[in-house]
Asks: 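Following this message is one structure expressed as C-alpha cells.
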Amino acid sequence: MSLNPAQRAAVEHLDGPLLVLAGAGSGKTRVVTEKLAWLVARGFPPGELLAITFTNKAAREMRERAAARLRGDAEALTISTFHALGLRLLQAEARFAGLRPGFTVLDADDSLKALKELAPAGISPDNLYWLRQTVSTLKNAGMDPAQALQAAAGPRELQAAELYGAYQKRMTAWNAVDFDDLIRLPLAALESDESLRGRWQRRWRYLMVDEYQDTNGAQYRLLKALAGERGAFTAVGDDDQSIYAWRGADPANLARLAQDWPALRIVKLEQNYRCAGRILRAANALIANNPRPHPKTLWSALPDGPPIRVLACRDNEHEAQRVVAELVGRRQSSGCRWSDCAVLYRGNHQARALEQALRLAAIPYQIAGGDSLFDCAEVRDALAYLRLVANPSDDGAFLRIVNVPRREIGATTLERLGELAGRVNLSLAQAAGQDAALAALPARASAGLAAFEQQLGQWRRRAASEPADTLLARILDEVDYAGHIERSDKNPDQRQRRLRNLDALRQILAGFARHGRGGLAELTQAVSLLSERDQADQDAVRLMTVHSAKGLEFRNVAIVGLEDGTFPHDAAQDEGRVDEERRLFYVALTRAKEWLLLSHSLRRRRYGSIEACTPSRFLDELPAAELHREGEDPERDADHSRALARNHLDRLAALLGD
DNA sequence: ACGATTTTCAGCATC
DNA sequence: TGAAAATCGT
C-alpha cells in the first residue's frame, strides 16, 4: 500500500521544521516509520535519528514497526520517551546537574513521601496536594528553587517555593532525581551551556516527536534546545485529540512552533483509514462544535457500516446487561473475537457494573489501566533493596525497607540515625556502617543496624558478579520476604498474587540482564521508568477508560454512561473544559472501526443515592440521521437472554470438549 | 503501637 | 456506595 499525497508530503518534507496534524486513524504511525526509513535512504545514519514518544508502550510499538520496516538499521535508531531521553542526557552529563553517577530515580510515591516529610507537620491533605502540584508546576516551567522564590507572588507561593528548595536540597543529598527532574535538569544544562547544547544538537541530526499535542512547557523547551536553529524535526500530533491539559499538556505548544520557527510547514492528514463512514461523520459533526485553530475534515473511503445505535437504559446495571447482550449478538452475527470488542467509559468506577454483567454472562474480559505491577508494595520493596545495594546514598530506599521485614528498627532509632548521619554528611545506610554513629545509639538498635549494614555489604560484593535477578532472589530469600508476606497478609489469594508479582519482576530483571549493558544502578534507574502492564493477548473483551483507549482501535466499540454529569463530567463546567470533554468523546468515537454502540441510563446511583439523569449533551451534537435511538425493549431483552443462555451452553460444551 | 470503628469523599493518569 | 483515611480504644 502506498502513501497518499499528504502522507508523502509529510514523509518527504526535509527542508525545515514540519508539523503534521494527523487526524484520528490517518496513518500517523505509518508516516513516522516511513519517514525514518526515508531519512535513512537519504543518507542519514540511523544512529543520528531520534524519535520521542510519551509512553513506553508507544515507544515499544514504534520500535517494532521500525524494525519491521528497516530491519537491522532500526537497532541504531533512538526511540525513547521524553523521560528516558532525559535520563540518558542526565547519565551522560550528570556533573552538569550536580549529580554523581549512579543517581536514583524516585517514582511519584517516593517523591511524595519526601515532600511530606519536609512539609510542616500536620499539614492538611488539601494543602499538601496543592504544594505538590505547585512544586511540580514550577519544575515543569523549568524553574529552579531560586527562580521560584523570586517569582513567588503571595505567601502560599512563597511556602511552595521554600518547600521546593528544601526538597531539592534533600534530593541532592540523596543523589536522587524525580520524574520532573528528568526533563528539568537536562533542559537547564542545555539552555545554560552553549557548547553542551551544540554537542547534543550534533548528536541527533533529525528529531521526530509523536503525540506532540501532549507536550508540556518543559518538554517543548527540551525539544527546542535539541532541535536548535536548523529545526530539523517533524512533530506529529492532533489538536482534536488533546485530552491531557489537566495533566499539564499545553496545546499552545502547537502555535509556539510557528512562532519559534517561522519557516514551519504544516501538513494535515485527513484521510481516515480506520472508521466506517457513519462513525466518521458523527465524529466530525461533534468536533465541529469546538473552537479549532486548524480545522480538519476527516473523510473515509470505507463503507458506511451498520447504524450507530443509542440505548436508553433504566439504570447502570441494566445498561451493563444490555451492552453485554449486544456484544454477544454482535459476536454471533459478525464472527468477531471477544478481543475485537471494547467497552469505554469516562471513569474507572463504571467498570464495576460491566464487570458484573460480563462475569454473569461468562464472557472473558480484561480491565486495562489501574494498578501496574510497579505499584504493588512487594515489587516496590524489592526494587528498594536493589536500589540500596546499587546506591548506598539512597535514603528513600533505605527508609522503605530497613524495617521490612521487621528488624526491630523503629521510628525513634531512624530519627536518631538521621540526626547522626546529617551531622557527618552521610546517608543513612552509610551512617549505619560507622562505629561512631552506632555507638551513639542504644545497644539493641545499633546491633540491628549493624547486622543489616553487614548484609548490605555482602549483597554489594555479590552485585559485581551476579545478575540482578539472581541477586534479588538471594536477597528476598535471605531476608525471608516470603515469611514477611505470610505474616502480613491473611488472605491466601493475596499472598499468592504477591509472590507471583515478585516472580514477574524477577523475569523482567532477567530480561534486562540478558540484554547486557549496564550495572545494577543503570538497571534500577531504567526499571523505575517502566510502568508496563502485562497485556496478555487473551481473547477477552477490553474494558477501559476513554483516556487509556487513546491510540487504540477496535472493530466494535461501546461507549457507556453518556449522561450529563458523567460524560461530560460534572467537574468540567466551564467552557474550556467542556471542549476537552468533547475532544475526549471524539477520541472515544474514533476508536471504532465498524460498529458503535452508545448508551446512557435514566437513573444512576451516585454517592449512594439514586438520582435521575439526562442524556449527555454530546448525543444531541451527533447528526440525528446517523443514529438509531432505542428505548427499553422487553422483546429484545428476551432475545438477548436467549442469546446469553446459548453463549453459556457453548462455553460449557467447549469446556467439556477440552 | 495496633486493630477496629467512624468519617470522609468522590476524575481522567503518563514517566 | 465503597474505599481510604482518620480516629478511637485497648
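Every chain is numbered from 1 and lettered A, B, ... according to where its sequence line falls, protein lines coming before strand lines. When reading the values below, keep in mind they use all heavy atoms of this one structure, side chains included, and skip hydrogens, waters and symmetry mates.
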Asks: Round to a whole Å and report the spacing from CD1 of A:I367 to P of B:dC12.
Replies: 13 Å
Asks: Within the 3.5 Å criterion, strictly below it, is a donor on A:T104 or A:N391 matched to an acceptor on the partner's side chain?
Replies: yes
Asks: Is the side chain of A:D395 donor-acceptor paired with the backbone N or O of A:L428 at a distance under 3.5 Å, no angle test?
Replies: yes
Asks: Tell me: CD of A:Q133 to P of B:dA13, nearest whole Å?
Replies: 16 Å
Asks: Check the distance between B:dA13's P and A:K57's NZ and give it to me in whole angstrom.
Replies: 13 Å
Asks: Is it true that A:E611 and A:R603 have a side-chain N and a carboxylate O under 4.0 angstrom from each other?
Replies: no
Asks: Between P on B:dA13 and CG on A:L344, what's the gap in Å once rounded to a whole number?
Replies: 12 Å
Asks: Pick the C1' atom in B:dT14 and in C:dA3, then give their distance to the nearest Å.
Replies: 24 Å
Asks: Rounded to the nearest angstrom, tell me the gap between atom CD in A:E211 and atom C1' in B:dA13.
Replies: 15 Å
Asks: Applying side-chain contact (heavy atoms from CB on, under 4.5 Å), run through A:D250 and A:R256 and close with a yes or a no.
Replies: CA-CA 10 Å; A:D250 187 358; A:R256 222 160 267 156; 3.4 Å; yes
Asks: Distances for protein N/O vs nucleotides 7-11 of chain B N/O pairs under 3.5 angstrom?
Replies:
from: B:dG11; atom 1: O6; to: A:R577; atom 2: NH1; distance (Å): 3.2
from: B:dG11; atom 1: O6; to: A:R577; atom 2: NH2; distance (Å): 2.4
from: B:dG11; atom 1: N2; to: A:R346; atom 2: NH1; distance (Å): 2.5
from: B:dG11; atom 1: N2; to: A:R346; atom 2: NH2; distance (Å): 2.6
from: B:dG11; atom 1: N2; to: A:E581; atom 2: OE2; distance (Å): 2.7
from: B:dG11; atom 1: N3; to: A:R346; atom 2: NH2; distance (Å): 3.1

Asks: For A:D181 and B:dT14, give me the distance from atom CG to atom P, rounded to whole Å.
Replies: 20 Å
Asks: Measure up the A:F567 and A:F618 rings against each other and bin them: parallel (under 30°), tilted (30 to 60°), perpendicular (over 60°).
Replies: perpendicular
Asks: Please work out if A:R605 contacts a base, only the sugar-phosphate, or nothing of the nucleic acid, heavy-atom cut-off 4.0 Å.
Replies: sugar-phosphate
Asks: What distance, rounded to whole Å, do you find between the two P atoms, one in B:dC12 and one in C:dA5?
Replies: 16 Å
Asks: Rounding to a whole Å, what distance do you find between A:M544:CE and B:dT14:P?
Replies: 13 Å
Asks: For A:Y481, enumerate each residue passing the ring-ring contact (aromatic ring centres under 6.0 Å, His included) test, keeping only those at least two apart in sequence or located in another chain.
Replies: A:H484
Asks: Between A:D394 and A:A397, is there a donor-acceptor pair closer than 3.5 Å when you use the side chain of the first and the backbone of the second?
Replies: yes
Asks: Write down the distance between CD1 (A:I243) and C1' (B:dT14), rounded to a whole number of angstrom.
Replies: 11 Å
Asks: Using the C1' atoms only, state how far B:dG11 lies from C:dA6, rounded to an integer number of Å.
Replies: 23 Å
Asks: Counting only side-chain nitrogens and oxygens, does A:S609 get under 4.0 Å of the OP1 or OP2 atom of C:dT1?
Replies: no
